[in-house]
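Below: one structure, written as C-alpha cells.
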Amino acid sequence: MKELVVISGKGGTGKTSIVASFAALAETAVLADCDVDAADLHLVLDPKIVRREDFSGGKRARIRTDDCAACGKCLELCRFGAIHFDGTGNGVVAKTYRVDPIACEGCGVCAWFCPAKAVEFGPVINGEWFLSETRHGPLVHAKLGIAAESSGKLVSTVRAAARKLAEQQGRELVIIDGSPGIGCPVIASITGASLVLIVTEPTLSGQHDLERVIDLARHFEIPAMLCVNKWDLNPQIADEIESLARKRGIQVAGRVRYDCGVTRAQIHQKSVVEYQPDGCAEDVREVWHRVRRALEPNTSSKPTGERTAST
Amino acid sequence: MRISIASGKGGTGKTTVATNLAFVAAQAGLSVTYLDCDVEEPNGAIFLKPQIQEDRAVCTAVPKVDLDKCTGCGKCGQICQYSAIVSMNKMVLTFPELCHGCAGCWLVCLAGATRESQREIGRLQAGPAGGVQFVQGLLNIGQAMSPPLIRAVKAAAPQAELTIVDCPPGTSCPVIEAIRGSDYVLLVTEPTPFGLNDLRLAVETVRQLKLPFGVVINRADMGDDQTRRFCGRAGISVLAEIPDVRAVAEAYSRGLLAAQASSAYRSMFEHLLKTLTGQVLR
C-alpha cells in the first residue's frame, strides 16, 4: 500500500485541484485531506459523511475563580502570555487570575504549581474528523477548531485512518492533499510516505519556496517528484525550476498549463479532468501517468543526483 | 498602527498586498515596518529587496539534563504534556523537536539535574528596503513549530507609524501568533469556492480574537460572485477588489511590485491604504 502526498511549499499552487483530478483518475484510492485548518477537497468531491469523530489535540487550563487566591504564581510561570489578572473578584480577593484559552498552550505548569489548586486542567475537544464516501472512493477529512493547535496531531489521525481504511478495503493507494508551508502539519503529512509530489508555480516565490520544500523532503528522506502548474505564466522560470529540480535529483512529473477551466470546474464542484477533456486536463492526465508509474513497486523513484545526509 | 494581512487560503495575494501597501506607504512619506511572519516560506524579500544588515539565530528554550544529578523521581516526564522529556529509572531522554519550552521539567526538578538550555529554530534577518524597515524570520528546515520565531520577528519590529504584518496562510497557531495584537486584519481572498470556504474560516478566527477586519478580493473577476454576496450578507467591509490582469501576474512572477510595474495598480494600492487607515482610525 502506497501513500502519495501532494505538497507545495508556496500556497495556492494548485494542490487540491490536482488531487481532485488524481482522485477521478485513480478510481481505487483512499483520499485524505490533510490540510486540516483550511480543508477544501470536500468541496469538489461531494462527500457523504459515514462516521464522525471528535478530536482532542491537547489540554487547556482554566482557573476556578472561587478558589483563586490571587497569588500571581501562574502569571509568573506562564511562558505563553496566557494568564491575565482581570478575572472577577470572589469575595476573598477583589480580582482573580484568568487564562486566555486561545493563548493557552496546554502545558499544565500553572496547574501543577498553583498553591491553591485552583486550576482545572484537562483535555479539550478542538476539532473533528470524518470518514466519508465519495464518487471516487472513501475520503478521510477533518476540521480543526478555530484558533486550535495540534494540527500535526490531527493530520496524523487523518493519515492513520486513511491507511487503516486502505488496508481494510484492499486499496493500494492513499492520496493525501497536503497543506502549504514546511511546518508541523506538512511534516506530519509526509513522514514515512512513499512519494511526495511537489506542485509549484512558475514564479520567483514558487521557486524560492520549492527549494525549502525539497530541503524538507530530503531532511525526512522521502522521494519527491515535481509538477509546475500554470507553467505558461512564465515559461522561462518554469524551465529554470525544472532544471533546478533535476539538479537536485527530483524527477519531473510534468507541467500543467494555466486554464480557467480549473476554476469553472471548481464552481461546478468537479475536478478539471471530469469537467473537460482538453486543455490542462490533458496535462494533468500525463502527470498522473508518470506519478502512477513512479509508485509501482518495481520502479525506483528514489532520486539519483543528490545524496541524502545519511549516505 | 499595526495591520495584519492574512487569508485562510494560500496563494490569494497576501504578500502582494502587504508588500505593495508597504511600498506606497513609504513613498507617501510614512515610516513603515514590514514584518514577514510567514517564517516557513517568506517571500516578501523577493519584492521589497532589502539590504540585510542583521542576521541572527533565534532560539527557544529546551531542557538539558545532567544524568549524574538525576534521582529518577520521574516528575519531569509526568509534567511534560508533549512527550518531549521521558524518564525511566534514571534514564532521561529528551526530544527537543517536541518541546514547547514551557519550563515545566526544569521547574519541577528538585535535584537540579534538568536545566534550561537553548536550541536554534531559525534565523531573523532585518534591514532597510528603500523606505521600508524590513524584518523576516526563516524557520530551519525540519522544525515543526513556527510561533516562537514569529514572536521573535514581531519583537524585533522597529517602531513605525505603520507596521504591516505579512501572515502565513491557514487559521491555526502560526496565524494566531502573527495576527495577535493587531489593530486591524485585512483578509485577502479570491472569488472561488475554495477561497470562500477558507475565508469563512478566517473570518471565524479573527472574530474569536475580537479583532476588527475587512476583506480584499484579489483577482476579483476570475471566479463567481458568491464571495461578494457572502461579505454583503455578513456585513463585512470589502476594502478593495483587485482585478485579475495577466500582465500583473507575469510581473509578480518576476518579483516585481505591482505598484512599480503599473501606475493603475499604484493608484489602487494608494487608495487601499487610504481606505484602510480610515477604517482603522474609525
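In what follows, chains carry the letters A, B, and so on, assigned in the order in which the sequence lines appear, proteins first and then strands, with residues in each chain numbered from 1.
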With a 4.5 angstrom heavy-atom cut-off, is it the side chain or the backbone of [X] that approaches chain A, or both, or neither?
X: B:Ala202; value: neither
X: B:Pro193; value: both
X: B:Ile141; value: both

Part of [X] lying under 4.5 Å from any heavy atom of chain B:
X: A:Asn126; answer: neither
X: A:Phe113; answer: side chain
X: A:Gln236; answer: neither
X: A:Ala103; answer: both
X: A:Ile102; answer: side chain

Parallel under 30°, tilted from 30 to 60°, perpendicular over 60°: which one fits the rings of B:His100 and B:Tyr82?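 Parallel, since the angle between the ring planes stays under 30°.
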Will you find, in the side chains of [X] and [Y], an N or O donor that is under 3.5 Å from an N or O acceptor?
X: B:Gln208; Y: B:Glu204; answer: no
X: A:Thr16; Y: A:Asp177; answer: yes
X: A:Asp209; Y: B:Asn43; answer: yes

May I ask you to name which of [options] has the most heavy-atom pairs under 4.5 Å with chain B?
options: A:His208, A:His219, A:Gln269; answer: A:His208
options: A:Leu216, A:Thr263, A:Leu43; answer: A:Leu43
options: A:Ser205, A:Gly12, A:Ser8; answer: A:Ser205
options: A:Gly145, A:Gly181, A:Gly108, A:Ser179; answer: A:Gly181
options: A:Asp100, A:Val109, A:Ile237, A:Asp40; answer: A:Asp40

Please identify, among [options], the residue contributing the most non-hydrogen atom pairs under 4.5 Å to chain A.
options: B:Gly8, B:Ser253, B:Pro148; answer: B:Ser253
options: B:Ile79, B:Ile46, B:Asp224; answer: B:Ile79
options: B:Ile176, B:Asn197, B:Thr205; answer: B:Asn197
options: B:Glu40, B:Gln81, B:Glu41; answer: B:Glu41

Would you say A:Asn229's side chain and A:Val199's backbone share a donor-acceptor pair under 3.5 angstrom?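 Here the side-chain-to-backbone pair does not exist.
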Taking the six-membered ring for Trp and the full ring for Phe, Tyr or His, determine whether the centres of B:Phe23 and B:Tyr34 are under 6.0 Å apart.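 Judged by ring-centre distance (under 6.0 Å), B:Phe23 and B:Tyr34 do not meet the cut-off.
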B:Val108 vs B:Gln78, side chain to side chain contact (heavy atoms under 4.5 Å, CB included): CA-CA, chis, key distance, verdict: CA-CA 10 Å; B:Val108 94; B:Gln78 280 173 38; over 6 Å; no
For B:Pro42 against B:Leu138, the heavy-atom pair lying closest together: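 Answer, listing the atom of B:Pro42 first, then B:Leu138: CG-CD1, 3.2 Å.
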If you take all heavy atoms of A:Asp35 and A:Pro180, which pair is closest and at what distance?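 A:Asp35 and A:Pro180 have their closest heavy atoms at OD2-CD, 4.0 Å.
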Counting only heavy atoms not in A:Glu76, do more than 12 fall under 6.0 Å of its CD?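 Check passes, neighbour count above 12.
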